[in-house]
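Each ligand, and each atom within it, is numbered from 1 in the order the structure gives.
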Amino acid sequence: MNILIIGGGGREHAIAHALSKSPKTDKLWCAPGNGGISALAECFPDVKATDLDGVIALAERLKPDYVFVAPDDPLVMGLVDMLEEKGFKTFGPRANAAILEGSKAFSKALMKKYGIPTAAYETFTDEDKAVEYIKAQNSYPAVIKADGLALGKGVIIAKDFDEAKSAVHSMLVDGKFGKSGSEIVVEEFMDGTEVTVLAFTDGKTVKPMVSSMDHKRAFDNDEGLNTGGMGTIAPNPLYTEAISEECMEKIFKPTIAAMSAEGRPFKGCLYFGLMLTKDGDTMSQSQCQKGGTDAAQSSIGGVKVVEYNSRFGDPEAQVVLPLLDTDLVDIMEAIREEKLDELDIKWSKNSCACVVMASGGYPEKYETGKEISGLNSDGQAVAAADSAYVYHAGTKLDDGKYFTAGGRVLGVTAVGEDLKAALDKAYEAVGTISFEKAHYRKDIGRKALGK
Ligand code: AMP
Ligand code: GLY
């Protein structure tokens, strides 16, 4: 099978890596791809993922057996619909289902209608009404979200009324996020621990993958600005068997059923961003004790949805896919044929950790074009090629050398028999790679280890 992957970050590198292990894969292409992906797939750097006509033209030229659409924007813009109309087999939801990520007003209304636990909220297009509501709620922090896609930056957690008011103004009046912020969601702040669960679904059956934990803030101890993700671990030890059962019944199955009932069957990978809150729908103490670690018990009480994404997370894919023991091509086929219920998806019992090496200054201003040392010609860590895998997020290959080409540059990833072993190997590999002004967090996985 010849497969065209759309996207060009660490997530797409992880997808290419997983597909390259399938005996069914002959050739991989990636548009635009990046320096590291080019070791596994022929890349087309001039075809951006949001250039839908360019992607269609490329697909018509290459005639792939499958197109895997990985990033949010082309999914929300309807690339899967366009590819299907042309007769291509695809992985990824159509636009009418990708709206789960594309519009927070849509996803919140869906959860309200179908009784799926999430933070209480209201939506607004009018500044005065939003401010009036915030004043009446008088509860801080207050959470203000742009309705549409905003590169992960459209959420403001305001600590007081003044901050909340200026967040509303920046979105509704100043147009900070353009059209994405012309409608906003104001919602209750949820206190708790976050867990990510990615799930395969064919619109009828939902099969959760191993859980994971992202580290969104730029600096250690969760300080600094929100980023796309500075590192991940899987599985997330706080996500116990008991919590997973609760999520299955109260969140995963109801979401899939709700989307189908709305005439928007979701096929692909659905990302559940969850908060293990201290309040909310309660779970019985006996259930807590059945599977709970101390940390899970203290944060349990109810799991609520923070957000849905219509795709694999980045860098969640980098730690979840290496633990997948079933052929990803078989899963893609089962989803397309709506036979996911017949497929037994197997996961390794190991753990995986990914440490992101970013350009100094990210997520704000940063420089690119810095030569990366410590990588071999395949973009892997020379000194740790057997114990770690380096997923490239933002790199460029030029004359046999790798250069930085983005905010997040590398996702240095390792599998171990437990989380500590995985983290040790990943950090050891990180220590062998360098570029000017490289920045990475030193505490990935620390919270999960209970430290
Ligand atoms: P979102 O784009 O909706 O996932 O939000 C980005 C991040 O903001 C989440 O991963 C949370 O860390 C945080 N966040 C969003 N909504 C809430 C909320 N209602 N309460 C607390 N934190 C939130
Ligand atoms: N790592 C967060 C995301 O992919 O949305």
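Numbered from 1 in the order shown, with element, the atoms of ligand 2 that lie under 4.0 Å from a heavy atom of D214 read 1 (N), 2 (C). Taking a cut-off of under 4.0 Å to the non-hydrogen atoms of G313, the atoms of ligand 2 that pass are 4 (O). Atoms of ligand 2 found under 4.0 Å from any heavy atom of G228 (numbered from 1 in listed order, with element): 1 (N), 2 (C).
The shortest separation from a heavy atom of G229 to ligand 2 is not under 4.0 Å, leaving the residue out of contact. Residue F312 places every heavy atom at 4.0 Å or more from ligand 2.
For ligand 1, the protein residues placed under 4.0 Å by at least one non-hydrogen atom are K104, V143, K145, V155, I157, E187, E188, F189, M190, E194, K216, M275, V306, E307.
Donor-acceptor pairing under 3.5 Å is recorded for the side chains of T255 and Y308. For the residue pair D147 and S103, a side-chain donor N or O sits within less than 3.5 Å of a side-chain acceptor on the partner. Using modelled atom types and a 3.5 Å distance limit, the side chains of D327 and S22 yield a donor-acceptor pair. Checked by atom type, the side-chain pair E188/Y121 shows no donor-acceptor distance below 3.5 Å. Looking only at atom types and distance, the side chain of E183 has no donor-acceptor partner in the side chain of T125 under 3.5 Å away.
Considering CD of E187 and NZ of K145, their distance stands at 3.5 Å, rounded to 0.5 Å.
Between L328 and K21 there is no side-chain heavy-atom pair separated by less than 4.5 Å.
Counting only non-hydrogen atoms, the option in E307, R11, E101, R311 that gets closest to atom 5 (O) of ligand 2 is R311.
Not a single N or O atom of K216, backbone or side chain, sits closer than 3.5 Å to an N or O atom of ligand 2.
Annotation: cation-pi geometry not satisfied between K437 and Y362 (NZ/CZ under 6.0 angstrom from ring centroid, within 45° of ring axis). A cation-pi arrangement is found for K442 relative to Y440, the charged atom lying closer than 6.0 Å to the ring centre and inside a 45° cone about the ring normal.
At a heavy-atom distance under 4.0 Å, only side-chain atoms of N309, from C-beta outward, approach ligand 2.
By the 4.0 Å N-to-carboxylate-O rule, K113 lies close enough to E262 to be salt-bridged with it.
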